[in-house]
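These notes concern the structure reproduced below.
Just so we're on the same page: letters track the sequence lines, and every chain starts at 1. Fair warning: this is a prediction, and the values are worked out from it, not measured in the lab.
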Protein chains: 2
Amino acid sequence: MAQSGQSTTGQSLLFLTDEQLRKGTEAMFFAYRGFTADPDRILSERGYGRAHHRAIHFIHGSPGTTVNNLLGILGVTKQSLNRVLRTLVEDGLVLNTVGTKDKRERHLYLTETGTTLERALSDAQRDRMRAAYRAAGPAAVAGFRQVLEAMMDEEMRHHYDALKDKAE
Amino acid sequence: MAQSGQSTTGQSLLFLTDEQLRKGTEAMFFAYRGFTADPDRILSERGYGRAHHRAIHFIHGSPGTTVNNLLGILGVTKQSLNRVLRTLVEDGLVLNTVGTKDKRERHLYLTETGTTLERALSDAQRDRMRAAYRAAGPAAVAGFRQVLEAMMDEEMRHHYDALKDKAE
DNA sequence: TAGAATACGTCAGCTTTGTTGACATTCCAA
DNA sequence: TTGGAATGTCAACAAAGCTGACGTATTCTA
């Protein structure tokens with residue numbers, strides 16, 4: 001066992017060895033692969049990639065979102081996003097409507113087919129997360145979220161909080 | 001606040017709402033971007049990418065490892081790894097020696113230049129992780145690691161454990 | 001109301017990093 | 001000793017990111 005959780009005061013937690021930090025980075029690396037593995041399988045069956053998954057996920061979470069907003073969340077260029085979005089619209093998974101208030105904007109929605117795929121993807125991903133959560137217990141889950149949130153960039157945390165608030 | 005950490009018995013943790021799980025996946029997504037952001041900056045200055053970082057990281061952790069072993073850890077094809085390795089050897093960051101016992105194998109080592117870059121990269125990455133760890137506290141860190149480990153594929157956990165044991 | 005700014009889409013071309021296929025070398029076992 | 005398995009290299013291609021330039025429609029502002 002490592003000497004990380006000794007102090008319950010939270011005061012003397014300053015000895016973070018290189019070893020502990022290295023293990024943390026490797027845990028992130030290996031866990032992220034597991035995190036994406038199950039949806040990746042479903043996606044590749046249908047000729048989609050992780051980029052499509054991300055678009056579908058956030059359109060599902062914020063129906064009617066604009067292209068510009070999605071760009072901020074995903075942190076890619078519009079050319080890159082456009083390529084993905086175009087195939088999703090062509091394949092009938094995403095709907096693209098002209099803005100009501102500002103006609104320059106395009107609002108994005110999942111069609112029924114899109115929603116079905118979203119559910120398949122998130123079910124697969126959540127099964128693994130659910131299993132991990134159960135194995136680790138509620139206290140561990142709280143810590144997991146705390147560390148992840150502390151690891152985000154400022155800008156990313158804004159997007160994260162905005163999405164979080166929406167549901168509460 | 002969510003209703004996740006209510007029970008201290010760890011018994012009745014069965015109500016994992018879709019909402020909680022969704023937030024977990026988004027936390028992973030946004031945190032992973034932060035996790036890679038700092039090294040990415042250093043790498044792009046020198047014309048390298050994340051693939052180079054991964055190779056350097058694991059060669060540093062297991063000096064003398066073979067190409068085949070590295071393939072198992074990274075989970076890519078040998079052709080893909082080879083391209084990265086070749087540029088690192090050409091640039092004098094990695095040393096490639098013919099196996100002594102089995103001449104088909106190549107043993108990989110970091111040169112002094114390679115070690116210097118490794119240090120710069122891991123310093124940058126660890127600064128952020130250290131800050132996150134401190135902000136979240138030791139109990140949260142323990143939970144963080146627990147959940148990540150539970151999220152890995154079997155095969156990945158084997159690699160992870162092998163690397164972990166090496167240092168203990 | 002004219003011109004600047006914004007939102008979106010697209011064309012062209014490049015880079016990184018993954019893929020499959022073909023092939024040389026080396027080792028081992030029948 | 002020879003044929004198959006293992007290790008690693010070269011070639012060509014695909015996905016998905018990037019920059020830069022440009023067009024169009026719309027909105028904002030001086």
With a 4.5 Å heavy-atom cut-off, do B:R157 and B:D161 have their side chains touching? yes
Minimum heavy-atom distance between B:L163 and A:R22, given as atom pair plus value: O-NH2, 3.7 Å
Which nucleotide of DNA chain D is the first, and which the last, in the 5' to 3' direction, to come under 4.0 Å of a heavy atom belonging to chain A? D:dA16 to D:dT27
Distance only, no hydrogens: is a donor on one side chain within 3.5 Å (strictly under) of an acceptor on the other, for B:H57 and A:E26? yes
Which residues within residues 91-104 of chain A lie with some heavy atom under 4.0 Å of an atom in DNA chain C? A:N96, A:R104
From B:Y160, B:F58, B:F35, residue fulfilling ring pair (Phe, Tyr, Trp, His ring centres under 6.0 Å) relative to A:F29: B:F58
Taking every heavy atom of B:A55 against every heavy atom of B:V84, the minimum-distance pair comes out as CB-CG1, 4.3 Å
Roughly how far, to the nearest 0.5 Å, is CG of B:L108 from OG1 of B:T97? 7.5 Å
Nearest-0.5 Å distance that lies between atom CZ in A:R54 and atom OG1 in A:T36: 10.0 Å
What I want to find out is whether B:R33 reaches A:D153 closely enough, with some N-O distance under 4.0 Å, to be called a salt bridge. no
When the distance from CG of B:N82 to C1' of C:dA22 is rounded to whole Å, what number comes out? 14 Å
Do any N or O atoms of the protein come closer than 3.5 Å to N or O atoms of nucleotides 15-19 of chain C, and which pairs are they?
residue, atom, partner, partner atom, Å
C:dT17, OP1, B:R50, N, 2.6
C:dT17, OP1, B:A51, N, 3.2
C:dT17, OP2, B:H52, ND1, 3.3
C:dG18, OP1, B:R54, NH2, 2.6
C:dG18, OP2, B:S80, OG, 3.4
C:dG18, N7, B:R83, NH1, 3.2
C:dG18, N7, B:R83, NH2, 3.1
C:dG18, O6, B:R83, NH2, 2.5
C:dT19, OP2, B:T77, N, 2.7
C:dT19, OP2, B:T77, OG1, 2.9

CD-OH distance between B:Q146 and A:Y133, expressed to the nearest 0.5 angstrom: 13.0 Å
Apply side chain to side chain contact (heavy atoms under 4.5 Å, CB included) to the pair A:L21 and B:R130, showing each step before the final yes or no. CA-CA 7 Å; A:L21 292 163; B:R130 202 190 314 270; 3.5 Å; yes
In whole angstrom, give the distance that lies between atom CG of A:L71 and atom C1' of C:dT6. 13 Å
